[in-house]
Structures are given as C-alpha cells and as structure tokens.
*Asks:* 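Dropping the structure in here first, questions after.
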Number of protein chains: 2
Amino acid sequence: MSQRITEEYLESIGTLEESESPVSTTAIAQSMGISLASVSEMVRRLSDKGLVEYTPYGGARLTDEGNKRYIRLTRRHRLWEVFLNKHLDIGWEDVYSDACALEHVTSDLVEEKLAEFLDNPDSCPHGNPIPGKDLKSVKTKGMALSRLETGQLARVLSVVNEYNVEFLRYLTSVGLTPGAIFRVIEKSSYDGTLTIEADGMTRAVGKEAATLIMVEPINE
Amino acid sequence: MSQRITEEYLESIGTLEESESPVSTTAIAQSMGISLASVSEMVRRLSDKGLVEYTPYGGARLTDEGNKRYIRLTRRHRLWEVFLNKHLDIGWEDVYSDACALEHVTSDLVEEKLAEFLDNPDSCPHGNPIPGKDLKSVKTKGMALSRLETGQLARVLSVVNEYNVEFLRYLTSVGLTPGAIFRVIEKSSYDGTLTIEADGMTRAVGKEAATLIMVEPINE
DNA sequence: TGAAAAGTCAAGGTATTCCTAATAATTATA
DNA sequence: TATAATTATTAGGAATACCTTGACTTTTCA
Ligand SMILES: [Mn+2]
Ligand SMILES: [Mn+2]
Ligand SMILES: [Mn+2]
Ligand SMILES: [Mn+2]
C-alpha cells in the first residue's frame, strides 16, 4: 500500500470523524470519490496495518496510531498553508490544494524547520488550529454562526470547509474572514437565513453556509 | 502512467544526457536502481507519450517536450533547495532529497510565487544554475577541478553530484564549497590525486572527486 | 414486522509498475 | 571472422489500487 494512498485515506477518515464517528464506508467513498467496493477493500487493509479499527456494518475509526498519523498530516498541511498564505502571498481561498499535496512529501526535518521558520503558528489561514509537535489532537473552538441569535455581536474564528474555493471567495466578499467582527441583524425564523452586518455592509448568509463558520460571541 | 513516475524518469534521463547523449537503458536502470527490463518497458512508454525519442539498442534522448518538462523540474527542484537551505537553514548536504520530493507537487502558481519570494536566485546551494521561467536550457559553467595544473589558483563554482550526502559532507570538511578559493599545491602525475590548499589548510582530493567539482581558474 | 435503504463482499477486470528468466542483438576479442 | 561477452529486449508474472456488477446481510423505520 503506497504511502500516499494510505495518507489520503487517513485524511479522509480523520476529517469525517470530526463530525461523526465511526465513519461509514459510504461516507469515505463519497468524500474520496471512489467506489464503495474499493473503500471496503482498502479499509480492511488499513485495519490489517493497525491504522483503523473496522467492524463490518459498524464503520471505521482511526486507531491511536492512525490518529497520530492523521494529526501529523494536519499539522503539516496547515503549516504549509501558513507559508503559502503569509510568505508566498497566495490567497486563503487557494492554499488548500497545494498544501494537500505538499503535506505528503514533508520530512520530519522540514516539518520542524518550517514550523520554526513560521514561528510556530497556532492556526491556519482558515482559523483552524495547528497541532503541536506532540501530536495531541486539537479541536476547533467556537460555535456555528447559525446558532447565534438576532442582535448578537460576534467574531469569526474559523471556517470548516477549507477546500471549497467558491465558498471561501464568497466569504471574502461578505467580509466573513477569520478575525472579522460582525453583528446578526436578523435571523429568519422561517428558514434560518441570517442577515449580518460586517465592515459597515449588510449581507445575507444562508443557513447552510452559516453552519460552516465558527464564531465566538462578544458580550457588550 | 503516473505523473510522479514519469517525472522521475525524465529527471534521470535528463541528468544523464548532460554527460552523454543518447542515454543507454542500462545507465538509466543503474541511476534509478531499477531493473533493466523495467526501464526498457518504461522508456518505450515514454516514447509513446512523445517525451523521449527511443531507438531500440540505440538509447534514449528527451524530445523537446520531454526536455521542457525536465527543465521545469530542475527549476522547481533548485528553487526548493534554495528555500530549504537559506530560509529553513538546512545544510546544503541535506537539501537534495526533500527538494526531489517537493518538485513533483509544485504547481505553476507556487513555482512562480516561490521564485519571487526567493528573489529569483540564479543558482542552487550546490552552485548549479536555476533555469528561468522561459525554460531555456542552462549549462553549468566552469571546468573540472581534475583538469587544473599545479600552482593554479581557482574558485569553486559548483558541485555536480548533488545527492551524495557523504561526498558533500566531505567537501564541506575540506572547505571546497561553492565560492571557496583554493590553490593546487600538487597534482600527482601517477594517479591524478591533487593536493590543495583552502582556508589555510592543506588537503588531498582524489581524482574521482575532483571530476565532480566545477571550478573557475583565477589569473594572478 | 416486513420492506426499503444501507452496507458488505466476492468475482472478475483493467492499468500501472515493478520483477526474473529467457532470448536476441551488438560489440569485443582471439 | 567466429566466438565470447556484453548489452538490450521480450515473455511471463506478481502486487497494488482502482473499477463494475450482483448477491447477500444488516439496519432502519413505516
Ligand atoms: Mn493530501
Ligand atoms: Mn486551513
Ligand atoms: Mn524527484
Ligand atoms: Mn542543487
């Protein structure tokens, strides 16, 4: 089993586990754009290698070893994102795919030196936390924008969906980038659509989108 | 045919062509550590894809398209080497292998931004030229150290064998790094071994090693 | 509780990349 | 120039990672 393929599976499973665990093979197949049969086969192999725990009909879950590898990948991914964004001046909308390739060819040495060079940042351009050298799992802080009530003032902490270029472009256009402060002007009780004010401009944010934006309420 | 594998072949063939062209399948097999049969097969496929020109029993040679790809890889490789060496503070002995992996996952955008970030350097830490955006082929300047005569003062321009960590460490230890100035104290007429003086120290350099070091004579 | 939905798994295939062993072509040598 | 040595190619096979199809099992929920 090639390292690259193994890592793509770990990445997919690990990410999916963040919203629900264990992860069904169907979910993996969907997220990876691969057939169910292939995933079934590969998950079994990952299980043989001790990287995932797998019970038929019960889904897959990373073992400690698998999780460690997943966290290391996440660390490398986000360090590269910071480099691409801050030093190479590539927009936060576009850093994901390059980082996703670079992470797989990053040696321990480069990881360490890169972290030092970047001054050990603790979050990526999307606001998500960068695991430390200890590879302890870290969680995204905050609550979903969709759960805020009318009138609430809040700050954007992070964006969950890092790879959707269109979505990130949209967020940039409405001023909802990490660090931005905004107020909920109105929350539709009908379909949950929010009207927010950021940067002096009033914008609508759909409910779907609002669940992918993590925020921190500010008490006035 | 996977991009990664294709690129490793292009790299190997391109590098070998710098000393003799066309390149025999044996030479490729040796340089890549792969069986002769595999190379025969792969070279044929590269030929089908229009990347190499291949005549059975006659060896292989990159086509214009293959050469362009090879030069682009070289450019990316050496840009990464500069980054790793200058910014991440990784020794020139150790940058090769990381760069060799990074080069294959470098997008056009990253290549361009990286070059800008590095201020468009024109040579790698080993002194070898970095091709420009135009992908015109560039040649290493200078002559082999082994061809100098007794008494000659000279400057090290570059080292051909970038991936041999042991060799590079040895060069560091004898002070023969790019830019270093030295004098040939004696050249053995028996086996070509040279005695040189660099940094106030006198050292012996074997003939083999001396053919891999490119230098520029300094007239006094 | 019984049918629909979700998930598994085996069979049979393709493409890629590598291998060893056998064979063929070329080159060197006596 | 015939033969030996070297070099290169082909034949045949293994492993990996994917695929489709279809039969089967388990779970869900009306
Ligand atoms: Mn990736
Ligand atoms: Mn990110
Ligand atoms: Mn390479
Ligand atoms: Mn170099």
*Asks:* To the nearest 0.5 Å, what is the distance between CD1 (A/Ile71) and CG (A/Asp64)?
*Replies:*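 So the CD1 of A/Ile71 and the CG of A/Asp64 are separated by 9.5 Å.
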*Asks:* Check nucleotides 12-19 of chain C for protein N or O atoms closer than 3.5 Å to its own N or O atoms and list the pairs.
*Replies:*
residue, atom, partner, partner atom, Å
C/dT16, OP1, B/Met1, N, 3.4
C/dT17, OP1, B/Ser2, N, 2.4
C/dT17, OP1, B/Ser2, OG, 3.1
C/dC18, OP2, B/Tyr9, OH, 3.4
C/dC18, N4, B/Glu41, OE1, 3.0
C/dC18, N4, B/Glu41, OE2, 3.2
C/dC19, OP2, B/Ser35, N, 2.8
C/dC19, OP2, B/Ser35, OG, 2.9
C/dC19, OP2, B/Ser38, OG, 2.7

*Asks:* With sequence neighbours excluded, tell me which residues meet side chain to side chain contact (heavy atoms under 4.5 Å, CB included) with B/Asp89.
*Replies:*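 Applying side chain to side chain contact (heavy atoms under 4.5 Å, CB included) to B/Asp89 gives A/Lys113.
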*Asks:* Can you tell me if A/Arg61 uses its side chain to pair, donor with acceptor, with the backbone of A/Glu17 under 3.5 Å?
*Replies:*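 Side chain of A/Arg61 to backbone of A/Glu17, a donor-acceptor pair under 3.5 Å: no, none is there.
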*Asks:* Closer than 4.0 angstrom, basic N to acidic O: yes or no for B/Asp122 and B/Arg78?
*Replies:*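 Here B/Asp122 does not pair with B/Arg78 in a salt bridge, since their nearest N and O are not under 4.0 Å apart.
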*Asks:* Within residues 51-58 of chain A, find the residues that approach DNA chain C with a heavy atom at under 4.0 Å, and present them sorted by residue number.
*Replies:*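 Going residue by residue through residues 51-58 of chain A, the ones with a heavy atom under 4.0 Å of DNA chain C turn out to be A/Tyr54, A/Pro56, A/Tyr57.
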*Asks:* Hey, can you tell me if B/Trp80 and A/Trp80 have their rings parallel, tilted or perpendicular (30° and 60° cut-offs)?
*Replies:*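 Perpendicular, since the angle between the ring planes exceeds 60°.
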*Asks:* C/dG7 C1' sits how many Å from A/Arg44 CZ, rounded?
*Replies:*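 In whole Å, C/dG7 C1' and A/Arg44 CZ are 13 Å from each other.
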*Asks:* Take the angle between the ring planes of A/Phe83 and B/Phe83 and call it parallel below 30°, perpendicular above 60°, tilted in between.
*Replies:*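 Rings of A/Phe83 and B/Phe83: tilted, as their planes differ by 30° to 60°.
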*Asks:* Does A/Val43 offer a backbone N or O that forms a donor-acceptor pair with the side chain of A/Ser47 under 3.5 Å?
*Replies:*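 Side chain of A/Ser47 to backbone of A/Val43, a donor-acceptor pair under 3.5 Å: no, none is there.
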*Asks:* To the nearest Å, give me how far apart CD1 (A/Ile28) and P (D/dC18) are.
*Replies:*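 My rounded result for the distance is 13 Å.
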*Asks:* For B/Ser40, report the nucleic acid contact type (base, sugar-phosphate, nothing); a contact means any heavy atom under 4.0 Å.
*Replies:*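 Base, at least one base heavy atom under 4.0 Å.
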*Asks:* Please walk me through it: do A/Glu149 and A/Lys187 pass salt bridge (Lys or Arg N to Asp or Glu O under 4.0 Å)?
*Replies:* CA-CA 7 Å; A/Glu149 295 305 328; A/Lys187 183 181 188 175; 3.7 Å; yes
